Amino acid sequence: MDLAATTVPTVVDLRLEGAGLALAATRCHAAGQAHEAPAVVYAHGFGQTRGAWSATAATLAAHGHPGLAYDARGHGGSDRNAADEPYTGHQFTDDLIVLAGELPQPPVLVAASMGGLFGLLAEARWPGLFRAMVLVDITPRWEAAGVERVLGFMTAFPQGFASLDEAADAIAAYLPHRRGRKSPGTLRELLRQGEDGRWRWHWDPRLVDELARDAERHQDDIAEATRAVRCPLLLVSGGRSDLVSADTIGHFLELAPHARHVQLADATHMLAGDDNDRFTATVLEYLAELDRSENSGISTAHRAPAPVTGADP
């Protein structure tokens, strides 16, 4: 598929209400789409920001699919929980239900890792919230070693970095297969400079202990949610991922036999960043297939969700 864009999409930063706090978001649309509702919602992985979707969102918008990407609570420019309010998976699921439920038509959810898990929980709790879902290298069960590697990197620099160059060195060592280094502009999106002059990651450090470390105990609940999902599903996995494996993919396809699976052989868990062109082309082809199926009347119509507040329906 030709990914060349004929127009430069417009990017607009927004503040949107989640379940009790404000979420930083970016709307991406091409000329003529300014008044169209977002057709795609992007949910990033643990420790990422909405910036992870910039290239994909721009290309999809240029091909007729305006999008909305947001920072999860405690990440990037979104609000953090109050000091006396622990982070829970229920809050993140509620945020996604509120954000997607405010849209006039169910969007396609494109969601990586953590975002995909909360997407499954949200759709199971509010059927019809999404037109379809694209899960990016995440399954209801995952390989513990992959999670430990991610958390090990996230907690390895509690005092931050003396400079952006020092942070770039650390990222390059963590992702040795990537060509090139992070630019200063990209690094400023990922780090925040404190009053002491040191640069620290954008996320709330409490997230690791309060949300991520015990996530494995929720796998049964996520599996049951996956079994309940009826909207079209596409899993895009990385052939070199250490978090998703043949076993976890097989388990996912047993839970959701209507789902499809595409593997990008050379990509790791950081799939969209490793091979963005192939990933974006895969999503574009899937969206085109959804359009063809719905126009031919093959797929089952999905009920648009009623206005939601984040509470259980």
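The shown structure was predicted, so the numbers you read here are calculated from the model rather than taken from an experiment.
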Visitor: State whether D169 and K182 are salt-bridged, where the test is any N-O pair (Lys NZ or Arg NE/NH1/NH2 against Asp/Glu carboxylate O) under 4.0 Å.
Guide: no

Visitor: Does a side-chain heavy-atom distance below 4.5 Å link H261 with F252?
Guide: no

Visitor: So, for V236 and V134, which heavy atoms are closest and what is the spacing to 0.1 Å?
Guide: CG2-CG1, 4.0 Å

Visitor: With side chains defined as the heavy atoms from C-beta onward, is the minimum distance between P107 and P38 less than 4.5 Å?
Guide: no

Visitor: Determine, stepwise, if the pair D220 / R141 fulfils side chain to side chain contact (heavy atoms under 4.5 Å, CB included).
Guide: CA-CA 8 Å; D220 287 344; R141 300 198 189 284; 2.8 Å; yes

Visitor: Identify the heavy atoms of P9 and C28 that sit nearest to each other, and give their distance.
Guide: CB-SG, 3.8 Å

Visitor: Drop me the distance from E195's CD to R198's CZ, to the nearest 0.5 angstrom.
Guide: 15.0 Å

Visitor: Looking at CE of M114 and CD of Q48, how far apart are the two atoms once the value is rounded to the nearest 0.5 Å?
Guide: 8.5 Å

Visitor: If you apply the rule side chain to side chain contact (heavy atoms under 4.5 Å, CB included), what do you find for L191 with W201, and how did you get there?
Guide: CA-CA 4 Å; L191 296 124; W201 299 118; 3.9 Å; yes

Visitor: Does a donor on one side chain and an acceptor on the other come within less than 3.5 Å for D204 and Y87?
Guide: yes

Visitor: Can you tell me how far the CZ atom of F46 sits from the CD1 atom of I138, to the nearest 0.5 Å?
Guide: 12.5 Å

Visitor: I need the W53 CH2 to T59 OG1 distance, nearest 0.5 Å.
Guide: 13.0 Å

Visitor: Quick one: are P232 and Y286 in side-chain contact, heavy atoms under 4.5 Å?
Guide: yes

Visitor: Under a 4.5 Å cut-off applied to non-hydrogen side-chain atoms, are L255 and V229 in contact?
Guide: no

Visitor: Are E143 and H269 close enough, and set up right, to give a side chain to side chain contact (heavy atoms under 4.5 Å, CB included), and what steps lead you there?
Guide: CA-CA 11 Å; E143 300 296 340; H269 178 60; over 6 Å; no

Visitor: H44 side chain to G51 main-chain N or O, any donor-acceptor pair under 3.5 Å?
Guide: no

Visitor: State plainly whether one hydrophobic cluster holds both L23 and V12, where clusters connect Ile, Leu, Val, Met, Phe, Trp and Tyr through side-chain heavy atoms under 4.5 angstrom apart.
Guide: yes

Visitor: Tell me which one of L121, T139, L117, L120 satisfies side chain to side chain contact (heavy atoms under 4.5 Å, CB included) with T226.
Guide: L120

Visitor: Would you say the ring centers of F157 and W199 fall short of 6.0 Å from each other?
Guide: no

Visitor: In terms of heavy-atom contacts, does NE2 of H35 have more than 12 from other residues, nucleotides or ligands at under 6.0 Å?
Guide: no

Visitor: Can you tell me if E210 uses its side chain to pair, donor with acceptor, with the backbone of T88 under 3.5 Å?
Guide: no

Visitor: Can you tell me how far apart CG (N295) and OG (S293) are? Round to the nearest 0.5 Å.
Guide: 9.0 Å

Visitor: Measure the shortest side-chain to side-chain distance between L99 and Y70 over non-hydrogen atoms and say whether it is less than 4.5 angstrom.
Guide: yes

Visitor: Which atom names give the shortest non-hydrogen contact between S237 and V244, and what distance separates them?
Guide: CB-CG1, 4.3 Å

Visitor: Any link between L14 and I97 through a network of hydrophobic side chains (Ile, Leu, Val, Met, Phe, Trp, Tyr) touching at under 4.5 Å?
Guide: yes

Visitor: Would R73 and D94 satisfy salt bridge (charged side-chain N to carboxylate O under 4.0 Å, His left out), going step by step from the backbone distance to the final call?
Guide: CA-CA 11 Å; R73 66 170 61 212; D94 281 352; over 6 Å; no

Visitor: Parallel, tilted or perpendicular: which one describes the rings of F92 and F118, with boundaries at 30° and 60°?
Guide: parallel

Visitor: Run through T282, V136, L135, L287 and flag the one making a side chain to side chain contact (heavy atoms under 4.5 Å, CB included) with L234.
Guide: T282

Visitor: Check whether any side-chain heavy atom of L68 sits under 4.5 Å from a side-chain heavy atom of L16, and report yes or no.
Guide: yes

Visitor: Indicate the atoms forming the closest heavy-atom contact of A19 with D95, along with that distance.
Guide: N-OD1, 2.7 Å

Visitor: For F279 and V110, what are the C-alpha separation, side-chain angles and deciding distance, and is it a side chain to side chain contact (heavy atoms under 4.5 Å, CB included)?
Guide: CA-CA 11 Å; F279 169 72; V110 176; 4.0 Å; yes

Visitor: Report the C-alpha distance between D242 and T268 in whole Å, list the side-chain angles of each, state the deciding distance to 0.1 Å, and finish with yes or no for side-chain hydrogen bond (donor to acceptor under 3.5 Å, both in side chains).
Guide: CA-CA 7 Å; D242 59 358; T268 70; over 6 Å; no

Visitor: For G77, does its backbone N or O pair with a side-chain atom of D71 as donor and acceptor, under 3.5 Å?
Guide: yes

Visitor: With distance as the sole criterion, is a donor-acceptor pair present between the side chains of T26 and D13 under 3.5 Å?
Guide: yes

Visitor: Could D291 and R131 be called an ion pair, given the rule that one side-chain N must be under 4.0 Å from one carboxylate O?
Guide: yes

Visitor: To check you understand the geometry: which heavy-atom pair defines the closest contact between R15 and A24, and what is its length?
Guide: NH1-CB, 3.7 Å

Visitor: If you look at every heavy atom in G67 and Y42, which pair is closest and at what distance?
Guide: CA-CE1, 4.0 Å

Visitor: Once you round to the nearest 0.5 Å, how far does CZ of R188 lie from CD of Q193?
Guide: 7.0 Å

Visitor: Counting distance only, does the side-chain N/O of H65 pair as donor-acceptor with the main-chain N or O of A57 below 3.5 Å?
Guide: no

Visitor: Measure from the side-chain N and O atoms of H251 to the backbone N and O of W142, and report whether any donor-acceptor pair falls under 3.5 Å.
Guide: no

Visitor: Does E85 reach the side chain of Q91, with side-chain heavy atoms less than 4.5 Å apart?
Guide: yes

Visitor: Can you find a heavy atom in the side chain of L109 that is under 4.5 Å from one in the side chain of L96?
Guide: yes

